[in-house]
Amino acid sequence: MSKADFVHALFEGIAVSYDLLNDLMTGGMHRLWKSQVLDLLQLKSGFEGRILDLCCGTGDLALQASKRFPLALVSGLDFSENMLELARLKNKTERLEFIQGDAMALPFEGESFAGVTLGFGLRNVADAGGCLREVLRVLEPKGVLVILELVKSEPAQGFDLLRSCFDFYRLSVLPWLGGLVAGSESAYAYLPNSAERFLSVEELAEQLRVCGFVQVQSKAWFFGSVALVSGERGHAV
């Protein structure tokens, strides 16, 4: 089974409990992180252009974007129809649409969006660099990409006990919680393991630069395991 097929099946299977588990796993912090994603888009509240939320899942970030920018046209794209069905149930505005599609081959013309958000999805695509180049293609000149992602955590000198507790929670408690709530311990074992096989926050920022983004900024929390990285599309790509 390909990575794309595996990840698709995984998210189709946990869609119903996905929102609840996000709240339980992060203590609701993911909502604050998503608010910071929208801050980094650097758009005014009266913005009337287009925003894309890529790998939108059940639509939390796209819905926040539509409330923050009520005059904008917001598109949420994901490959999981089960996730999108839940997102559509939450949607109360005609200026927000949810589309099933492939992050590796976006169904949009070039230079279509002023801002693109990507929350907890980049490590799940088949080719992160290819996905970033697709984002670059659909961004307007000086358009901004903001990524919120679980990444490979870094050693923390002098915090061995805290790090041990964090690793126990991440590698043992999360799978148990996933099994209890979603009935899929393996799915919630995949999530932290996929992060450890992914890039660190510094490596992710460098990946954006390699793909052609400029003005790249990054920060991280929880021993570098949750990253917020942004970059701008230059005039020439």
Side-chain angles (χ1 to χ4, degrees), residues 3 7 11 22 25-26 29-43 50-65 68-69 74-80 83 101-106 108 112-140 142-154 191-192 194-234 237:
K3 179 178 179 178
V7 173
F11 282 99
N22 277 350
M25 289 188 304
T26 69
M29 288 294 293
H30 70 101
R31 301 184 187 281
L32 175 61
W33 300 335
K34 289 169 182 173
S35 179
Q36 292 187 45
V37 167
L38 298 179
D39 292 343
L40 287 175
L41 285 178
Q42 303 174 40
L43 300 173
R50 297 182 70 190
I51 298 169
L52 171 64
D53 181 30
L54 187 54
C55 302
C56 67
T58 58
D60 272 3
L61 188 48
L63 287 157
Q64 281 196 38
R68 176 83 69 92
F69 310 108
V74 181
S75 298
L77 182 140
D78 201 274
F79 65 169
S80 169
M83 291 280 196
D102 185 354
M104 300 298 299
L106 297 176
F108 307 109
S112 297
F113 298 96
V116 175
T117 59
L118 210 174
F120 301 120
L122 187 61
R123 75 188 187 288
N124 295 319
V125 302
D127 176 7
C131 178
L132 291 174
R133 287 187 286 273
E134 265 294 89
V135 171
L136 205 63
R137 178 183 68 81
V138 302
L139 270 176
E140 299 172 358
K142 292 198 172 183
V144 175
L145 165 66
V146 187
I147 299 170
L148 176 63
E149 188 55 276
L150 300 177
V151 293
K152 181 170 60 180
S153 56
E154 300 289 351
L191 296 177
S194 66
E196 286 304 304
R197 292 192 296 268
F198 192 53
L199 307 170
S200 67
V201 59
E202 292 85 2
E203 291 168 337
L204 179 54
E206 182 59 24
Q207 179 79 77
L208 264 68
R209 296 185 186 97
V210 168
C211 289
F213 288 89
V214 299
Q215 305 296 327
V216 175
Q217 303 177 54
S218 64
K219 65 178 179 179
W221 307 277
F222 296 122
F223 303 103
S225 65
V226 179
L228 189 62
V229 181
S230 65
E232 179 182 300
R233 181 191 189 271
V237 178

Short side-chain to backbone donor-acceptor contact, E203 and S200, under 3.5 Å: yes
Student check: side-chain heavy atoms of L228 and I147 closer than 4.5 Å: no
Pairing residues for Q64 by the side chain to side chain contact (heavy atoms under 4.5 Å, CB included) criterion, not counting sequence neighbours: R31, K34, S35, L38
Name the atoms and distances for all side-chain donor-acceptor pairs under 3.5 Å in residues 212-223, with sequence neighbours left out.
{"residue": "K219", "atom": "NZ", "partner": "Q36", "partner atom": "OE1", "Å": "2.8"}

Heavy-atom side-chain contact between L148 and L61 under 4.5 Å: no
Backbone N/O of K152 and side chain of E196: donor-acceptor pair under 3.5 Å: no
ring-ring contact (aromatic ring centres under 6.0 Å, His included) involving F79 - partner list, sequence neighbours excluded: H8
Check: L136 main-chain N/O paired with R233 side-chain donor or acceptor under 3.5 Å: yes
Side-chain heavy atoms of L41 within contact of V37, under 4.5 Å: no
Note: E149-R123 ion pair, threshold 4.0 Å (strictly below): yes
Sequence-distant partners of E232, salt bridge (Lys or Arg N to Asp or Glu O under 4.0 Å), two or more places apart: none
Heavy-atom donor-acceptor pair, D53 side chain to A62 backbone, under 3.5 Å: yes
Test side-chain hydrogen bond (donor to acceptor under 3.5 Å, both in side chains) applied to D127 - qualifying residues, sequence neighbours left out: none
Any residue meeting side chain to side chain contact (heavy atoms under 4.5 Å, CB included) with A227, in chain and number order, not counting sequence neighbours: V151, V201, V229
pair L132-L208: side-chain heavy atoms closer than 4.5 Å: yes
For F113, all residues meeting ring-ring contact (aromatic ring centres under 6.0 Å, His included), sequence neighbours excluded: F108
Side chain to side chain, I51 and F69, heavy atoms closer than 4.5 Å: yes
Partner residues of S230 under the side-chain hydrogen bond (donor to acceptor under 3.5 Å, both in side chains) criterion, sequence neighbours left out: none
R209: salt bridge (Lys or Arg N to Asp or Glu O under 4.0 Å) partners, not counting sequence neighbours: E206
Salt bridge (Lys or Arg N to Asp or Glu O under 4.0 Å) partners for D102, two or more places apart: none
Nearest non-hydrogen partners of V125 and K3, listed with the distance: O-NZ, 3.2 Å
CG on L106 to CG on L52, rounded to 0.5 Å: 6.5 Å
Stepwise side-chain contact (heavy atoms from CB on, under 4.5 Å) check, L122 with C131: CA-CA 8 Å; L122 187 61; C131 178; 4.0 Å; yes
Point-to-point distance, once rounded to the nearest 0.5 Å, from SG of C55 to CZ of F11: 9.0 Å
Check: L118 and V146 side chains under 4.5 Å, non-hydrogen atoms: no
Residues in side-chain hydrogen bond (donor to acceptor under 3.5 Å, both in side chains) contact with D78, at least two apart in sequence or another chain: none
Side-chain heavy atoms of L63 within contact of R68, under 4.5 Å: no
4.5 Å side-chain heavy-atom contact, L54 and E134: no
For R50, salt bridge (Lys or Arg N to Asp or Glu O under 4.0 Å) partners two or more places apart: none
